[in-house]
*Asks:* 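The structure's right below; bear with me while I get my questions together.
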Amino acid sequence: MINAAQVGFGAAILAGVVLAIIGHPGPQDLPAPVTTASPSKPQGFVLKSVSVELPTSDITFPGGAAADAINANCLSCHSAGMVLTQPDLAKATWAAEVDKMIHAFKAPIDQANATAIVDYLSETKGAK
Amino acid sequence: MRKSTTTTRRSFLGQAGAGGLALVSGSAWADTTVELPLPGGPRERALTTAFPQKATMILQRTRPPLLETPFEVFDRGVFTPNDQFYVRWHWAVIPTEIDVASFRLSVSGHVDKPLSLTLNDIVDGLPRVELAAVNQCSGNSRGFSQPSVAGAQWANGAMGNARWMGVRLKDVLDRAGVKPGALQARFAGLDQPVVDGAPKFMKSLALDHARDGEVMIAYAMNGEQLPLLNGFPLRLVVPGWYSTYWVKMLDRIEVLATPDENFWTKNAYLIPDTPGADMTPGQAGVKMVPINRMVPRSFVTNLKDGATIKAGAATALRGIAFGGAAGVKSVDISLDNGVNWRPTMLGSDEGKYSFRQWQTDITPPAGAVTVMVRCTNSDGLAQPKTMNWNPTGFMHNAIESLHLTAA
């Protein structure tokens with residue numbers, strides 16, 4: 001069931017403006033649950049094999065040579081977005097993160113690279 | 001604080017389609033972005049349609065995927081569509097092909113009779129149950145932590161509500177015959193760590209919880225098989241508990257006679273053992289415990305923070321709420337910074353673990369107005385006024401405030 005409140009909201013979205021809701025819906029006008037779930041038949045739910053492709057990311061860390069260590073060591077388990085979306089954090093927090101990658105998650109990173117990575121992170125994403 | 005998802009004007013215009021929210025995008029990588037109002041930044045995220053079985057999602061991380069549900073989806077109904085249900089994986093080795101004929105779920109460990117179940121054994125061989133339940137990431141809303149903390153910088157869209165269909169975990173465990181002395185059941189899926197020796201993602205539940213008759217193994221959500229990225233073909237459903245326990249692509253259950261020592265159970269997903277999982281930054285000596293039951297939350301879904309409404313005229317307000325580990329008792333709003341509260345009208349009850357819609361209207365005079373919305377659950381637990389803090393940004397559920405201008 002599509003009701004006035006939903007149509008009003010859809011129209012507002014369409015216009016890209018917020019949001020003079022049309023009308024004044026009463027309690028019975030709450031949007032109907034949008035669901036494909038029909039009460040299940042007791043038998044006959046059939047699962048189908050699935051084959052998909054997952055997108056990859058070729059984003060690297062900016063900064064030229066200063067980013068060499070992070071690009072060489074921080075892109076194998078997760079794409080750069082994991083780090084690039086992080087807020088600015090204290091240098092000690094970045095050091096703890098790199099340490100966690102090495103010790104908890106078994107990232108094979110030597111001390112020199114770990115230091116370079118922490119420096120890069122506190123340079124580019126350090127809490128001021 | 002602004003907490004609703006704001007979509008840039010350009011992206012809204014780009015998205016406008018016949019379905020209102022059905023997003024139209026030419027390229028796989030949508031050329032639109034969304035601004036998440038995260039105080040610690042960065043705020044901009046791509047909107048993407050590049051992921052299989054998924055419509056437009058907010059891209060938090062490509063590999064392994066972290067995809068957030070655009071907040072306006074929650075206004076469309078009490079159930080979150082599968083193709084916009086959020087996605088969250090820990091390790092990047094995720095099978096992309098699953099053959100339903102050869103898939104097996106094993107049950108092993110401290111049992112009389114180890115099992116290797118086919119999907120047919122599960123779908124046709126065990127009683128079918130259905131339950132509406134909210135699935136919410138432990139770190140939903142982490143991006144609002146102040147001071148900021150590391151981890152996926154979600155806004156409020158790492159949650160969703162679905163009608164799950166499957167079998168009771170209890171029935172599966174009973175078929176294997178749990179031996180006396182068993183303590184926990186441990187769950188693992190088909191995903192694997194990227195490097196040797198790294199901790200495979202696994203989670204455990206106390207055996208009594210696992211056998212409570214509510215914990216399910218789901219093979220369908222909202223009437224359809226699960227999208228691969230939401231855990232096809234089987235996913236654990238732990239009603240009222242955070243999603244970390246809802247193991248995806250579940251293919252292994254071990255019954256343990258000794259406490260689970262694996263990294264993800266013992267060292268990760270810990271919260272301070274304090275009311276509301278709240279502590280102060282740097283506080284020492286805080287006892288940490290595994291995250292567990294969810295707490296109540298509520299949101300306005302039909303208006304965005306910063307919107308202008310008509311002064312002196314009734315404006316409809318509506319949204320969703322959930323009680324966490326109990327049902328929604330009430331959803332109240334306040335227009336005076338939490339001094340006075342008045343109830344809203346609740347929508348149909350889809351079960352105590354489900355989202356529940358609420359609705360009311362406000363008629364503010366000209367000027368600024370802040371709307372606070374608060375859910376109280378049937379255990380009497382209400383959302384707190386101030387946001388909790390802990391070093392992993394878990395269990396946020398403070399009262400949301402929406403800043404409007406009546407003109």
Side-chain angles (χ1 to χ4, degrees), chain A residues 5-6 8-16 18-21 23-27 29-40 42-43 45-57 59 76-79 81-82 84-89 93-94 96-97 104-108 127, chain B residues 9 12-13 16 20-21 40-42 50-53 60-65 72 75-79 92 94 96-100 119 123 128 130 148 150 153 163 165 194-195 197-198 219-220 222-225 228 232-233 263 302-304 307 310 314-316 318 345 347 350 357 359 361:
Chain A
Q6 277 179 308
F9 187 64
I13 294 262
L14 274 173
V18 191
L19 259 171
I21 288 293
H24 177 186
D29 293 337
L30 275 169
V34 176
T35 173
T36 51
S38 49
S40 64
Q43 290 303 317
F45 191 84
V46 178
L47 294 170
K48 296 196 192 73
S49 296
V50 169
S51 174
V52 302
E53 261 179 66
L54 295 180
T56 54
S57 164
I59 296 174
S76 56
C77 293
H78 42 69
S79 50
M82 176 83 264
L84 293 173
T85 56
Q86 296 301 303
D88 294 346
L89 298 168
T93 307
W94 281 122
E97 280 298 320
F105 297 139
K106 310 299 173 199
Chain B
R9 186 170 166 276
F12 250 140
L13 295 175
L21 285 162
F51 287 82
Q53 303 169 303
Q60 290 282 8
R61 181 179 72 191
T62 305
R63 179 179 169 275
E72 51 269 26
D75 194 59
R76 288 160 68 183
V78 81
F79 291 106
I94 301 167
T96 52
E97 272 182 45
I98 293 188
D99 173 31
V100 293
L119 288 169
V123 175
R128 179 174 299 176
E130 267 195 290
S148 296
Q153 300 295 304
R163 195 185 293 285
M165 183 168 81
V194 175
V195 297
Y219 48 77
N222 295 328
E224 289 168 6
Q225 65 184 40
L228 180 125
F232 180 80
F263 172 83
N302 71 325
L303 294 178
K304 287 170 184 290
K310 207 163 162 22
T315 295
R318 67 168 179 263
M345 189 76 68
E350 302 288 341
Q357 290 178 307
Q359 174 173 295
D361 56 75

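For the numbers below, each heavy atom of this structure counts, side chains included, while hydrogens, waters and symmetry mates do not. A note on names: the letters A, B, ... follow the listed sequences, proteins ahead of strands, and every chain is numbered from 1. None of the values given here were measured: they were computed from a predicted structure.
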*Asks:* Which region of A:Glu97, side chain (C-beta onward) or backbone (N, CA, C, O), has a non-hydrogen atom less than 4.5 Å from a non-hydrogen atom of chain B, or is it both or neither?
*Replies:*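 A:Glu97 touches chain B through side-chain heavy atoms alone.
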*Asks:* Looking at B:Gln60 and B:Gln153, what are the two nearest heavy atoms and their distance?
*Replies:*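 Looks like NE2-O, 2.9 Å.
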*Asks:* Please flag which part of A:Leu89 lies under 4.5 Å from any non-hydrogen atom of chain B: side chain, backbone, both or neither.
*Replies:*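 The answer is the side chain of A:Leu89.
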*Asks:* After noting the C-alpha distance and the side-chain angles of A:Val52 and B:Phe51, does the key distance pass the side-chain contact (heavy atoms from CB on, under 4.5 Å) rule?
*Replies:* CA-CA 9 Å; A:Val52 302; B:Phe51 287 82; over 6 Å; no
*Asks:* Quick check: closest heavy atoms across A:Ser57 and A:Ser79, and the distance to 0.1 Å?
*Replies:*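 Scanning both residues completely, I find the closest heavy atoms to be CB-CB, 3.8 Å.
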*Asks:* Using a 4.5 angstrom heavy-atom cutoff, name the option from A:Thr85, A:Leu84, A:Ile59 with the most pairs to chain B.
*Replies:*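 Most heavy-atom pairs under 4.5 Å with chain B: A:Thr85.
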*Asks:* Quick check against the 3.5 Å criterion: does B:Asn222 have a side-chain atom that pairs as donor or acceptor with the backbone of B:Phe79?
*Replies:*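 No, because the side chain of B:Asn222 does not come within donor-acceptor range (under 3.5 Å) of the backbone of B:Phe79.
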*Asks:* Would you mind checking which part of A:Ala104 comes under 4.5 Å of any heavy atom in chain B, side chain (CB onward), backbone (N, CA, C, O), both or neither?
*Replies:*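 Both backbone and side chain of A:Ala104 come within 4.5 Å of chain B.
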*Asks:* Find the one option among B:Ala150, B:Pro64, B:Ala220 whose heavy-atom pairs under 4.5 Å with chain A are most numerous.
*Replies:*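 Greatest number of close heavy-atom pairs with chain A: B:Ala150.
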*Asks:* At a heavy-atom separation under 4.5 Å, does B:Tyr219 approach chain A through its side chain, its backbone, both, or neither?
*Replies:*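 Both parts, backbone and side chain.
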*Asks:* Any side-chain heavy-atom pair from B:Thr96 and A:Glu53 closer than 4.5 angstrom?
*Replies:*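 In short, these two side chains do not touch, never coming nearer than 4.5 Å.
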